[in-house]
Amino acid sequence: MKAVILAGGRLAPSPHLEELLAGHSLVLAADSGLRHALALGLEPAAIVGDFDSVAEADLASFPELPQLRHPVRKDQLDLELAIDLAMERGADELLVLGAFGSRLDQSLAALLIGARLRTQGIAISLHDGVRDAYPLTAGDTLDLALPPGMTFSLLALEQSRCTVAGADYPLSDAPLPFGVGLGLANRAMDGPRIAVHEGAVAVIVERTVMEP
């Protein structure tokens, strides 16, 4: 089951997001991510979090929405709470919208949470409307339907080996070391197609530049 998690970062509605939303069965809002439900015309099944940032006006727009409140002082991010709830309800594919924002710590945490879940066999991708992130682990392949010239990057999360075809800078079962810039700023030519043979990587697509 495909679940949509509305996180509290920035989100730019686009035709690309509409395509991503196709076939979803469950929508959950993580605290202030509820505001994205209004922009996208979605009806969340619940809102979960510590409610320290959700606007009262947004809550008023969904008066019947179940509210799962947690303490502000807790060990998990609101995003993690929403993901846990989605998995409890049977989700095996997660689409996180509003995953990235102005806080670097929150954005990196969202990416690393996604990477951890992928190593556990959960299909997950993260989006803010103008950039996409796909955590991949050994044995994964990813086909990206990108127009020629669009930028994408491979960021090794540990020592990895990858193949990249259909790109300006192809790789063939090549090492992608942790902590280097080797996989960054590639450009799509035909596809491209990415295969991870060893390790874990994040594939990041930059569709445009978001204004600060």
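The figures here come from the full heavy-atom set of this structure, side chains too, leaving out hydrogens, waters and symmetry mates.
What you find for Ala30 and Ala82 is that their closest heavy atoms are CB-CB, 4.0 Å. Contact between Leu126 and Leu111 at its shortest, heavy atoms only, is CD2-N, 4.3 Å. What you find for Cys162 and Val196 is that their closest heavy atoms are SG-CG2, 4.3 Å.
Between the Thr163 side chain and the Ala195 main chain, no donor and acceptor come within less than 3.5 Å of each other. Listed for the Gln106 side chain is no donor-acceptor partner under 3.5 Å among the backbone atoms of Arg103. The backbone N or O of Gly33 lies less than 3.5 Å from no partner atom in the side chain of His36, so there is not a single donor-acceptor pair.
By the rule that hydrophobic residues join a cluster once side-chain heavy atoms approach within less than 4.5 Å of another member, Met150 and Met189 end up as members of separate clusters. The hydrophobic cluster containing Leu28 also contains Leu77, counting ILVMFWY residues as joined when their side-chain heavy atoms lie under 4.5 angstrom apart, directly or transitively. Linking ILVMFWY side-chain heavy atoms closer than 4.5 Å, directly or via other members, places Leu155 and Leu171 in two distinct hydrophobic clusters. Hydrophobic cluster membership is shared by Val201 and Leu146, with clusters built from Ile, Leu, Val, Met, Phe, Trp and Tyr side chains linked at under 4.5 angstrom. Both Leu68 and Leu26 are members of a single hydrophobic cluster when ILVMFWY side chains are connected at heavy-atom separations under 4.5 Å.
Within 6.0 Å of CG in Asp190 there are 12 or fewer heavy atoms belonging to other residues, nucleotides or ligands. Heavy atoms from other residues, nucleotides or ligands lying under 6.0 Å from CD of Gln120 number more than 12.
Within the structure, salt bridge (Lys or Arg N to Asp or Glu O under 4.0 Å) contacts touching residues 39-52 (residues at least two apart or in different chains) are Asp50-Lys74. Within the structure, ring-ring contact (aromatic ring centres under 6.0 Å, His included) contacts touching residues 108-146 (residues at least two apart or in different chains) are His127-Tyr134. Residues in residues 136-149 take part in these salt bridge (Lys or Arg N to Asp or Glu O under 4.0 Å) pairs, two or more places apart or across chains: Arg118-Asp140, Asp143-Arg193. Sorted by first and then second residue, the salt bridge (Lys or Arg N to Asp or Glu O under 4.0 Å) pairs with a member in residues 23-35 form an empty list; sequence neighbours excluded.
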For residues 84-96, which side-chain N or O atoms pair as donor and acceptor with protein atoms under 3.5 Å away, sequence neighbours left out?
unit_1, atom_1, unit_2, atom_2, d
Asp84, OD2, Gln76, NE2, 2.8
Asp92, OD1, Met1, N, 2.6

Review item, side-chain donor-acceptor pairs of residues 173-185, under 3.5 Å, at least two apart:
unit_1, atom_1, unit_2, atom_2, d
Asp173, OD1, Arg161, NH1, 2.1
Asp173, OD2, Arg161, NH1, 3.1

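By the 4.5 Å side-chain criterion applied to Ile, Leu, Val, Met, Phe, Trp and Tyr, Leu108 is assigned to a cluster that also includes Leu104. Other members of the cluster containing Leu65 are Leu34, Leu38, Ile47, Phe51, Val54, Leu59, Phe62, with ILVMFWY side chains joined at under 4.5 Å, either directly or via other members. Counting Ile, Leu, Val, Met, Phe, Trp and Tyr side chains that sit under 4.5 Å apart, directly or through other members, Ile204 stands alone, with no cluster partners.
Under the 4.5 Å side-chain criterion, counting only non-hydrogen atoms from C-beta, Leu154 is not in contact with Tyr169. In this structure, the side chains of Ile194 and Leu136 come closer than 4.5 Å at one or more pairs of heavy atoms. Residues Leu97 and Val4 form a side-chain contact, since some pair of their non-hydrogen atoms from C-beta on lies under 4.5 Å apart.
In terms of the side chain to side chain donor-acceptor pair (under 3.5 Å) criterion, residue partners of His16 (sequence neighbours excluded) are, by chain and number, Asp132, Arg207. Among residues two or more places apart in sequence or in another chain, the side chain to side chain donor-acceptor pair (under 3.5 Å) test is passed with Ser25 by none. Partners of Arg116 under the side chain to side chain donor-acceptor pair (under 3.5 Å) rule, at least two apart in sequence or in another chain, do not exist in this structure.
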